[in-house]
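Below is one structure; the comments refer to it alone.
Computed from heavy atoms alone, side chains included, the values below leave out hydrogens, waters and symmetry copies. Ligands are counted one by one from 1 in listed order, and the atoms in each one are counted from 1 as well.
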Amino acid sequence: MDSSQMVNNTGTDKYHKPIKDDDKHLNPLYDMKEVPKRTYQLGIAALLIGIGLSFYDAGIGLYVSSFLVACFCFATLMFILLKYNEAIENLPITIIILICGMIISATLFEGLDTDQYLYFFPILIAVPIIVNLKRTRYRESGIYIAIILFSFCVTIVAGRYINHLEHLTAAQISKLVLFNRIVAISSTILFAIAYTFFEEKYIRELMEQSKRVVDSRTRFLATMGHELRTPLNGIIGVINLLKQEHSIAQQDEYIQVLKYCSDHMLQQINNILDFNKIEANKLEIHPVSLNLKQLMQNVSMPFTSLYQEKGIELKTEIGPGLDVIVLVDDLRLIQVFNNLFSNALKFTEKGYVKLKATMKSSSKTAAVVSFSVEDTGIGIAKEDQKQIFEGFWQVYNGNTKTLHGTGLGLNICMRLLKLMNSSLNLTSEKGKGSIFSFDLKLDYVQHKSSSVTNTESEDNLAGTRVLLVEDNQINMMVAKKVLINYKALVSGVFNGKEALDALEKDAAYDVILLDLEMPVMNGYIAIYEIKKMYPQIPVIAFTASVVDQEMLTNLIASGFSDCITKPFQPYQLLSIIKKYIKKAVAVQ
Ligand code: ADP
């Protein structure tokens, strides 16, 4: 693989025009109307008419008028160049004021008889062409029209009541009238035709865009349907097999399949939710301090058996100097590696997959660490290397590999890394494997690893009294079983009201797991009552909702200590409960 085949993805579109900050907030319809381009076109049209008029004036002996119009042309050209170099903000208003000023001064020189005021009509017609009515809600166009009408009135009054400065012969007047009438009327007609043409084009693009949205939604739903039905099919099939199977070894194997299918389903759903969060700019990074070496040792663990089954070697190479405590969002970093590992697994049939982490540079306060996942799989053709980072790309382009995945994984990795001020690089060649790599700058918490490792040896909740408030029977059964397996003493109730009744009889609970959406009394009301009467008991929200930082902050503000989302992994429930019972003990 040569380095020329390396693709870098920073999240901001490297392959297309760079997106400026302001542009991001533009309505796409605004772009479709090509309004900024049209303002240039209007400026150039005014310039051409001005040059024509200047020569014509000179040709019929009106040298002062010719000079005046030439000055106007020069000014227009300057403003267009200034706007092009982004030195001025609003070109349309500048051009309109310039043209109006030009007509008023021409009338002051030539009087009303030459029909200069007719040029107000094409400018009036040009207003809707250069203004996006939907974006500005008529304010901008109202201002432009007001300027034009005001200038028109000034022209009429000035032409009628002020003696014109240049002396014109009757022949010159009639030639100018002819010229002005022809140019003004034809440019009015031209602008009207242009307006109709632009609007038609705009409406066509609007319709095409809405068709594209419908098409991509249909394809997206079809893909998601396929992606979710596949593991679901596995789950249903294996459950039926399990019912008939009596051999413990075979049952164990089926349970592994069930776990794989359900984890896969969860990953797909999380990908979609993340993608949504990213689109809404709601994805956040929460760094915590942890030992980098330990994290790297654990990161590939969930994949070990999957790789073994496929006969692919899973190598890990952790360079020296990584046994340090750094600040990093471990969940998001693991998510990136999970995506890279599951792709490597999907697209590699033989050989190996290697996770590599090496120290690139280190200062007193931070380390720059290079991470990579290399595989000896099918590789990615050069022409596909840019697009695979785009969300849903492969699905929507009918790529042959589309039936495995939603095409969201790499896009999410790329965006997560961007939030961590990094970018995802790809070095790949078709048939020869791929390397996905990125560098992360991580702040040190501690240069040398101390005993920050998990000192809590007890992996159970022996003697811990948990009040579980959950209205769904199945979720109740699962959570209860998990907690009982961890030796907790669990009491289950089905809504907030029952929780309050239970607490009234006996408030000696160490922790309360409280669902949010429940009949009779939901979690939001129950927490208020619980905190009023039993402030010492930590309450953990137990919800299937998508919890972002904003929601977590609100939950904590309403009295919850923390939140665990469903579906959960048993160890997550264990560690969150341990965190709070430990705190409660420390406070007492
Ligand atoms: P998906 O969920 O479909 O895997 P990704 O965004 O993770 O979505 O990947 C997009 C596409 O990039 C994949 O469908 C595949 O065509 C290609 N791809 C990703 N990783 C690899 C890899 N390690 N080897 C070969 N192709 C890959």
- Ring centres of Phe560 and Tyr580 under 6.0 Å apart? no
Does the distance from a Lys or Arg side-chain N to an Asp or Glu carboxylate O, for [X] and [Y], drop under 4.0 Å?
X      : Y      : value
Lys310 : Glu349 : yes
Asp384 : Lys430 : no
Lys354 : Glu317 : yes

Under 4.0 Å, counting heavy atoms only: does [X] come that close to any atom of ligand 1?
X      : value
Ser428 : no
Ser434 : yes
Asn339 : no

Proximal atoms of ligand 1 relative to [X] (non-hydrogen, under 4.0 Å):
X      : value
Asn343 : 4 (O), 5 (P), 7 (O), 9 (O), 19 (C), 20 (N)
Lys346 : 1 (P), 2 (O), 4 (O)
Asp375 : 22 (C), 23 (N)

- Message: Heavy-atom pairs closer than 4.0 Å: do any link ligand 1 to the side chain of Asp384, the backbone, both, or neither?
- Response: neither
- Checking heavy atoms under 4.0 Å, the part of Leu410 that sits near ligand 1 is both
- Would you verify whether the NZ or CZ of Lys364 falls within 45 degrees of the ring axis of Tyr444 while also being under 6.0 Å from that six-membered ring's centre? no
